[in-house]
Amino acid sequence: MVEEQGKDFLEARPWLSGICDTKSTEELEKKYDSWANNYDADVKDDWSFMPVKIALTLSKLRPKKDAEILDAGAGTGLVGEELAKQGFTNLTAVDLSEKMLEIAREKQVYKNLYQGNLESAFLSNSVSFDVIITAGVFAYAHAGVEVLNNLFGLLKEEGILLLTIREDYRREMQTALDKLPWTLVSEENFTIYDEAKLMYLLAFKKKE
């Protein structure tokens with residue numbers, strides 16, 4: 001039954017298997033560039049609830065509205081839109097795809113937008129954030145331990161890193177998550193893709 005569900009949800013979402021089967025960063029960038037114009041419509045049914053959940057969770061954990069927030073892997077700015085609705089004003093976006101960022105820029109919710117690879121030093125070492133959000137970033141063929149460590153280095157003391165991660169990929173990342181000096185302060189889970197998969201929304205607070 002589980003295998004049948006897996007086949008069904010992929011057949012209904014050919015974009016998902018194409019993205020998760022990517023072999024290189026360059027290929028991934030090209031795929032997102034070509035997907036940018038249809039991205040919001042394609043993910044709406046499965047994913048629209050998650051940016052809302054992220055914004056509401058952050059409002060509880062860090063109610064200060066001028067907190068410096070990095071939307072890492074911002075895509076077309078779906079999370080940024082919901083953060084703005086909650087009153088957050090100091091948003092920075094970074095994404096691998098310039099085409100995705102062009103759409104995010106049109107939403108006029110970010111103070112700064114940068115094209116960059118999360119696996120490398122995409123921002124100055126002197127820059128740090130109160131909050132870093134990664135929605136849909138920690139996934140197969142996307143981000144792993146290297147990205148996690150890079151983002152942790154950009155987080156201020158007592159800063160919050162809020163991420164989404166699928167159950168199967170969380171198992172692969174759990175050792176790396178446990179090694180970092182932070183505390184899990186929030187955890188929720190949701191079924192997605194016609195209840196074929198389990199997705200976690202986790203928030204970690206960096207220790208002093």
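- The side-chain heavy atoms of Val43 and Tyr39, taken from C-beta on, include a pair separated by under 4.5 Å.
- When the ring pair (Phe, Tyr, Trp, His ring centres under 6.0 Å) test is applied to Phe190, the partners found at least two apart in sequence or on another chain are Phe49.
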Using side chain to side chain contact (heavy atoms under 4.5 Å, CB included), reason through Val145 and Thr175 one step at a time and then give a plain yes or no. CA-CA 9 Å; Val145 176; Thr175 298; over 6 Å; no

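- Here Ile165 contributes atom CD1 and Thr134 contributes atom OG1; the two are 8.5 Å apart, rounded to the nearest 0.5 Å.
- Looking at heavy atoms from C-beta onward, Leu201 lies out of side-chain contact with Asn189 at the 4.5 angstrom threshold.
- Contact record, Ala203 with Leu61: CB-CD1, 3.5 Å, taken as the closest heavy-atom pair.
- In terms of hydrophobic clustering, with Ile, Leu, Val, Met, Phe, Trp and Tyr side chains grouped at heavy-atom distances under 4.5 Å, Val79 and Val52 are assigned to different clusters.
- Looking at residues two or more places apart in sequence or on another chain, you find a side chain to side chain donor-acceptor pair (under 3.5 Å) between Glu188 and Thr57.
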Going by atom type alone, with no hydrogens or angles, which donor-acceptor pairs under 3.5 Å involve a side-chain atom of residues 98-106 and a protein atom two or more places apart or on another chain?
none

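- At distances below 3.5 Å, at least one donor-acceptor pair connects side-chain atoms of Lys65 with backbone N or O atoms of Gln86.
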Kindly determine whether Asp66 and Phe88 satisfy side chain to side chain contact (heavy atoms under 4.5 Å, CB included), including the steps that lead there. CA-CA 6 Å; Asp66 63 349; Phe88 291 102; over 6 Å; no

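- One finds the CG atom of Leu58 at 5.0 Å from the CD1 atom of Ile69 (value rounded to the nearest 0.5 Å).
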Please lay out, stage by stage, how Leu70 and Val131 fare under the test side chain to side chain contact (heavy atoms under 4.5 Å, CB included). CA-CA 6 Å; Leu70 175 65; Val131 177; over 6 Å; no

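- Atoms CD1 and CD, on Ile132 and Glu68 in that order, are 11.0 Å from each other to the nearest 0.5 Å.
- The neighbour count for Gln108 CD, taken as heavy atoms of other residues, nucleotides or ligands under 6.0 Å away, does not exceed 12.
- Atom-to-atom distance recorded for Leu162:CG and Arg62:CZ is 11.0 Å, nearest 0.5 angstrom.
- Of all non-hydrogen atoms in Arg166 and Met199, the two that sit nearest each other are N-SD, 3.5 Å.
- Here the shortest heavy-atom pairing between Ala84 and Val109 reads CB-CG1, 3.7 Å.
- Dense packing is recorded around NZ of Lys206, with more than 12 heavy atoms of other residues, nucleotides or ligands lying under 6.0 Å away.
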Show which side-chain atoms of residues 178-186 pair as donor or acceptor with protein atoms under 3.5 Å away, not counting sequence neighbours.
| unit_1 | atom_1 | unit_2 | atom_2 | d |
| --- | --- | --- | --- | --- |
| Asp178 | OD1 | Gln174 | NE2 | 3.0 |
| Trp182 | NE1 | Leu177 | O | 3.0 |

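- A salt bridge is absent between Lys207 and Glu158; no separation between the charged side-chain nitrogens and carboxylate oxygens falls under 4.0 Å.
- Between the side chain of Tyr110 and the backbone N or O of Gly80 there is at least one donor-acceptor pair closer than 3.5 Å.
- With hydrogens and angles ignored, the 3.5 Å screen pairs no side-chain donor or acceptor of Asn112 with any backbone N or O of Thr92.
- Qualifying side chain to side chain donor-acceptor pair (under 3.5 Å) partners for Asp40, counting only residues two or more places apart in sequence or in other chains: Thr76, Lys107.
- In this structure, the side chain to side chain donor-acceptor pair (under 3.5 Å) partners of Ser97, at least two apart in sequence or on a different chain, are Asp33.
- Linking ILVMFWY residues whenever their side-chain heavy atoms come closer than 4.5 Å, directly or via other members, places Val127 and Val94 in the same cluster.
- Within the model, atoms CD of Glu157 and CG of Asp130 stand 12.0 Å from one another, a figure rounded to the nearest 0.5 Å.
- Between Ile133 and Leu83 there is a side-chain heavy-atom pair separated by less than 4.5 Å.
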Does the pair Ile54 and Glu82 meet the rule for a side chain to side chain contact (heavy atoms under 4.5 Å, CB included), with working shown? CA-CA 8 Å; Ile54 289 170; Glu82 295 302 327; over 6 Å; no

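- What you find for Leu151 and Ala72 is that their closest heavy atoms are CD2-CB, 4.0 Å.
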